[in-house]
Amino acid sequence: MVKTRFAPSPTGYLHVGGARTALFNWLYARANGGHFVLRVEDTDAARNTEEAREAIFGGLSWLGIDWDEGPFYQSQRQEIYDRYWKILEDGGYIYPDPESGALRFRSPKETLTFEDKVCGEITVDRSAEPDMTLRRPDGSYIFHFVNVVDDIEMGITHVIRGEDHLMNTPKHLEIYKALGAKPPVFAHIPLILNEDGSKMSKRDQGAAVASYPAEGFLPDAVRNYLCLLGWNPKDDREKLSLEDILALFDWDHLNSSNAKFGLEKCQWLNGQYLAELSPQEFTEAAMPFAPEGTSPALLPLVQQKVRTLSEVKEWLRPILEDDFPTNPEAAAKISSNPDAKSYLEAIATALAETSEWTQDSIKQAVATTAATLGTKPGKLMFPLRVASSGVAQGTDLLATLELVGQERTVTRIRSRVASIFA
RNA sequence: GACCCGUUCGUCUAGCGGUCUAGGACUCCGCCCUUUCACGGCGGCAACACGGGUUCAAGUCCCGUACGGGUCGCCA
């Protein structure tokens, strides 16, 4: 059975690179009817934190990545490692560092070649490399050893990890051989970099998985975007369901060059996913991002506008605030139109006198006013938009005004007319 | 520095020797739709790192160079 794993060390936040590694492992297991294992590599006691562990688990869960086995903690598996350690000792592979007493692995120092599913055939001359340390003087084991032992012990068949591990693979292969174990299939996926090509760090926008729920991204959208970094369906599709991805997920769809992370496209994709939600689903998701006391009825107005839920607030302000500041350029555009003032005064009167307050009646009032003024209704819409909301670009005007209410709408128009044409 | 990997529009990418005057997407711009804003539709700008080979034919194969990234820990 196919078995993959994600093996983070709980020393920091979960970054997008790690999340994508986890995702690819998870996808490969799911696509092949296998198991996905979660293993926490917490051998460096000094650097581990519970907070980091929670951030990693939380991030995985948010993305919808679940695990079939584990979580295992390396800190709790000492006996297993001791058992394998004896094999190395008995094989004569271990010798102490004369200075510190740390224990090193006697490398065969050969040239070795292995097949990587992404990078192809890799050949490395190990003869000049120093022997790796596998055990500290205090008896604790080091990454290379426990990583290999666990992969053997857990029956991991495919190791998908970042390309930063590519040069660790020959070392690991030496350990597999010394242990008499069959190595797994390796696939080293390219790294995710900043737009300028530098390494992503916690400060960089979009680097931390935790920032996505906070910014109002949908897990499906982020998962979709992350898949597109280093993997693609080999056709023109970009918005892909999990089923679509699972159907196609395989080595020849992975590519081998590093990807630069672009938040813009992720936001666009998220907007696509948000737009597809039912109004009820959207309202529910968006409410936590709306200002205190916002009526849920207003939220569908912004559904087709926002790319992330954190943008909801900005779109809502012109609707919620009677004295929302008028956009200067929009105001200038209106005041430069010699007819605008009379248009707005007429429309304000018409709206004030209309007996019903629905989208249709507002539309009717606009049409009638336009007819009276001898102009087209379309000519009134922009001034009306600016005068009633303060902005040139906003939500659907008729629907918005209906929800704002008759009295407030008229008051807003008159107040802005006074200030714009002062 | 040594070793390893990589290099198609600004970005994500398609392309696995002829179908490439290089396709899609994000961004930006224009037009259409909308009696409004968006969405959507249509169109535009924009790329095969460079130099040698191999071949009738190279973005596609090979070799160099340049550039980018990674690794060389008693971190993982």
Side-chain angles (χ1 to χ4, degrees), chain A residues 7-12 18 40-44 46-48 74 97 99-104 116 118-120 122-126 128-130 132-138 140-144 146-147 161-171 188 190-193 195-199 225 227-239 252 255-269 271-272 275 301-306 315 362-363 366-367 370 375-386 388-389 391-401:
Chain A
S9 68
T11 53
V40 180
E41 307 219 324
D42 54 350
T43 54
D44 187 359
R47 305 200 319 163
N48 299 326
Q74 290 186 326
D97 180 277
E99 302 211 347
S100 66
L103 297 166
R104 292 183 183 277
D116 185 274
V118 174
C119 301
I122 310 286
T123 300
V124 182
D125 177 8
R126 298 272 303 142
E129 301 298 318
M132 58 187 151
T133 303
L134 292 188
R135 197 169 186 178
R136 301 184 184 91
D138 68 5
S140 61
Y141 295 106
I142 283 161
F143 165 70
H144 297 111
V146 291
N147 184 271
R161 64 206 333 186
E163 204 190 272
D164 51 340
H165 283 293
L166 190 60
M167 287 299 103
N168 283 153
T169 307
K171 298 179 187 176
H188 290 88
L191 271 17
I192 300 177
L193 309 172
E195 294 240 48
D196 65 0
S198 64
K199 207 169 182 171
Y225 179 73
C227 282
L228 258 17
L229 256 26
W231 177 91
N232 77 80
K234 294 193 179 285
D235 57 33
D236 290 341
R237 286 179 295 167
E238 298 213 294
K239 186 166 178 296
D252 55 335
N255 82 264
S256 51
S257 53
N258 292 345
K260 291 171 186 169
F261 182 85
L263 195 57
E264 292 247 314
K265 191 157 183 173
C266 187
Q267 289 170 331
W268 166 78
L269 200 51
Q272 300 286 307
L301 289 173
V302 304
Q303 179 170 4
Q304 306 300 321
K305 307 288 179 184
V306 298
W315 282 93
I362 297 166
K363 191 173 174 180
V366 172
T375 186
K376 288 187 282 189
K379 295 277 180 204
L380 298 183
M381 291 302 274
F382 183 74
L384 176 57
R385 173 178 289 283
V386 175
S388 62
S389 71
V391 291
Q393 275 132 21
T395 49
D396 178 82
L397 193 54
L398 270 12
T400 301
L401 295 185

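Just so it is clear: chains get the letters A, B, ... in the order the sequence lines come, proteins before strands, and each one is counted from 1. Hydrogens, waters and symmetry mates play no part in the numbers below; they use all other heavy atoms, side chains included.
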Taking atom [atom1] in both [N] and [M], what distance in whole Å separates the two?
{"N": "B:C26", "M": "B:C45", "atom1": "C1'", "answer": "14 Å"}
{"N": "B:G64", "M": "B:A57", "atom1": "P", "answer": "23 Å"}
{"N": "B:U65", "M": "B:C74", "atom1": "P", "answer": "32 Å"}
{"N": "B:C61", "M": "B:G15", "atom1": "C1'", "answer": "15 Å"}
{"N": "B:G10", "M": "B:A66", "atom1": "P", "answer": "23 Å"}
{"N": "B:C63", "M": "B:G18", "atom1": "C1'", "answer": "24 Å"}
{"N": "B:A58", "M": "B:C50", "atom1": "C1'", "answer": "15 Å"}
{"N": "B:G68", "M": "B:A25", "atom1": "C1'", "answer": "24 Å"}

Between [X] and [N], is there a contact of a side-chain N or O with OP1 or OP2 at under 4.0 Å?
{"X": "A:Asn232", "N": "B:U13", "answer": "no"}
{"X": "A:Arg47", "N": "B:A76", "answer": "no"}
{"X": "A:Thr43", "N": "B:A76", "answer": "yes"}
{"X": "A:Gln393", "N": "B:A38", "answer": "yes"}
{"X": "A:Thr133", "N": "B:C74", "answer": "yes"}
{"X": "A:Lys234", "N": "B:G15", "answer": "yes"}

Using purine N1 to pyrimidine N3 plus N6-O4 or O6-N4 for Watson-Crick, or N1-O2 and O6-N3 for G-U wobble, each under 3.5 Å, what pairs with [N]?
{"N": "B:A58", "value": "none"}
{"N": "B:C45", "value": "none"}
{"N": "B:C67", "value": "B:G6"}
{"N": "B:C33", "value": "none"}
{"N": "B:C39", "value": "none"}
{"N": "B:C72", "value": "B:G1"}

Measure the distance from [atom1] on [X] to [atom2] on [N] and round it to the nearest whole Å.
{"X": "A:Trp268", "N": "B:C28", "atom1": "CH2", "atom2": "P", "result": "13 Å"}
{"X": "A:Lys305", "N": "B:G40", "atom1": "NZ", "atom2": "P", "result": "11 Å"}
{"X": "A:His188", "N": "B:G6", "atom1": "NE2", "atom2": "P", "result": "13 Å"}
{"X": "A:Lys265", "N": "B:U27", "atom1": "NZ", "atom2": "C1'", "result": "10 Å"}
{"X": "A:Asn168", "N": "B:U71", "atom1": "CG", "atom2": "P", "result": "9 Å"}
{"X": "A:Gln267", "N": "B:C28", "atom1": "CD", "atom2": "P", "result": "11 Å"}
{"X": "A:Glu163", "N": "B:G68", "atom1": "CD", "atom2": "C1'", "result": "11 Å"}
{"X": "A:Asp42", "N": "B:C75", "atom1": "CG", "atom2": "P", "result": "14 Å"}

Could you tell me whether A:Asp235 and A:Arg237 have a side-chain N and a carboxylate O separated by less than 4.0 Å?
yes

Does the pair A:Lys171/A:Glu129 count as a salt bridge with the N-to-O cut at 4.0 Å?
no

Side chain to side chain contact (heavy atoms under 4.5 Å, CB included) between A:Leu401 and A:Ser388, intermediate numbers included:
CA-CA 8 Å; A:Leu401 295 185; A:Ser388 62; 3.7 Å; yes

Hey, does [X] reach any base, or is it just sugar-phosphate, or nothing, if we go heavy atoms under 4.0 Å?
{"X": "A:Lys376", "answer": "nothing"}
{"X": "A:Ser140", "answer": "nothing"}
{"X": "A:Gly120", "answer": "nothing"}
{"X": "A:Lys379", "answer": "nothing"}
{"X": "A:Gly394", "answer": "base"}
{"X": "A:Glu238", "answer": "base"}
{"X": "A:Glu99", "answer": "nothing"}
{"X": "A:Ala370", "answer": "nothing"}
{"X": "A:Phe143", "answer": "base"}

Dump the intermediate steps for side chain to side chain contact (heavy atoms under 4.5 Å, CB included) on A:Arg161 and A:His188, then the final yes or no.
CA-CA 5 Å; A:Arg161 64 206 333 186; A:His188 290 88; 2.9 Å; yes

Side-chain donor/acceptor of A:Ser140 to backbone N/O of A:Arg136, under 3.5 Å:
no

Go through the steps for A:Cys119 and A:Leu166 under the test side chain to side chain contact (heavy atoms under 4.5 Å, CB included), then give the verdict.
CA-CA 9 Å; A:Cys119 301; A:Leu166 190 60; 4.2 Å; yes

Does atom NZ of A:Lys234 have more than 12 heavy-atom neighbours, drawn from other residues, nucleotides or ligands, at distances under 6.0 Å?
yes

Please indicate whether A:Lys239 has more than 12 foreign heavy atoms, meaning atoms of other residues, nucleotides or ligands, lying under 6.0 Å from its NZ.
yes

Side chain of A:Arg136, heavy atoms from C-beta onward: which of B:G73, B:U35, B:C74 has the nearest atom to it?
B:C74

Of the listed nucleotides B:G70, B:U36, B:C75, the one nearest the side chain of A:Met167:
B:G70

Quick check: on RNA chain B, is the nucleotide nearest A:Asp125 upstream (toward 5') of the one nearest A:Ser198, or the reverse? Name the residue that is more 5'.
A:Asp125

Along RNA chain B (nearest heavy atom to each residue), the more 5'-positioned of A:Tyr225 and A:Leu398:
A:Tyr225

Does any part of the side chain of A:Ile142, heavy atoms only, come nearer than 4.5 Å to the side chain of A:Thr43, both counted from C-beta?
no

Quiz item: A:Asp396 side-chain donor-acceptor pair to B:U36 base, under 3.5 Å:
yes

Confirm from the modelled atom types if A:Ser100 and B:C74 form a donor-acceptor pair under 3.5 Å, side chain to base only.
yes

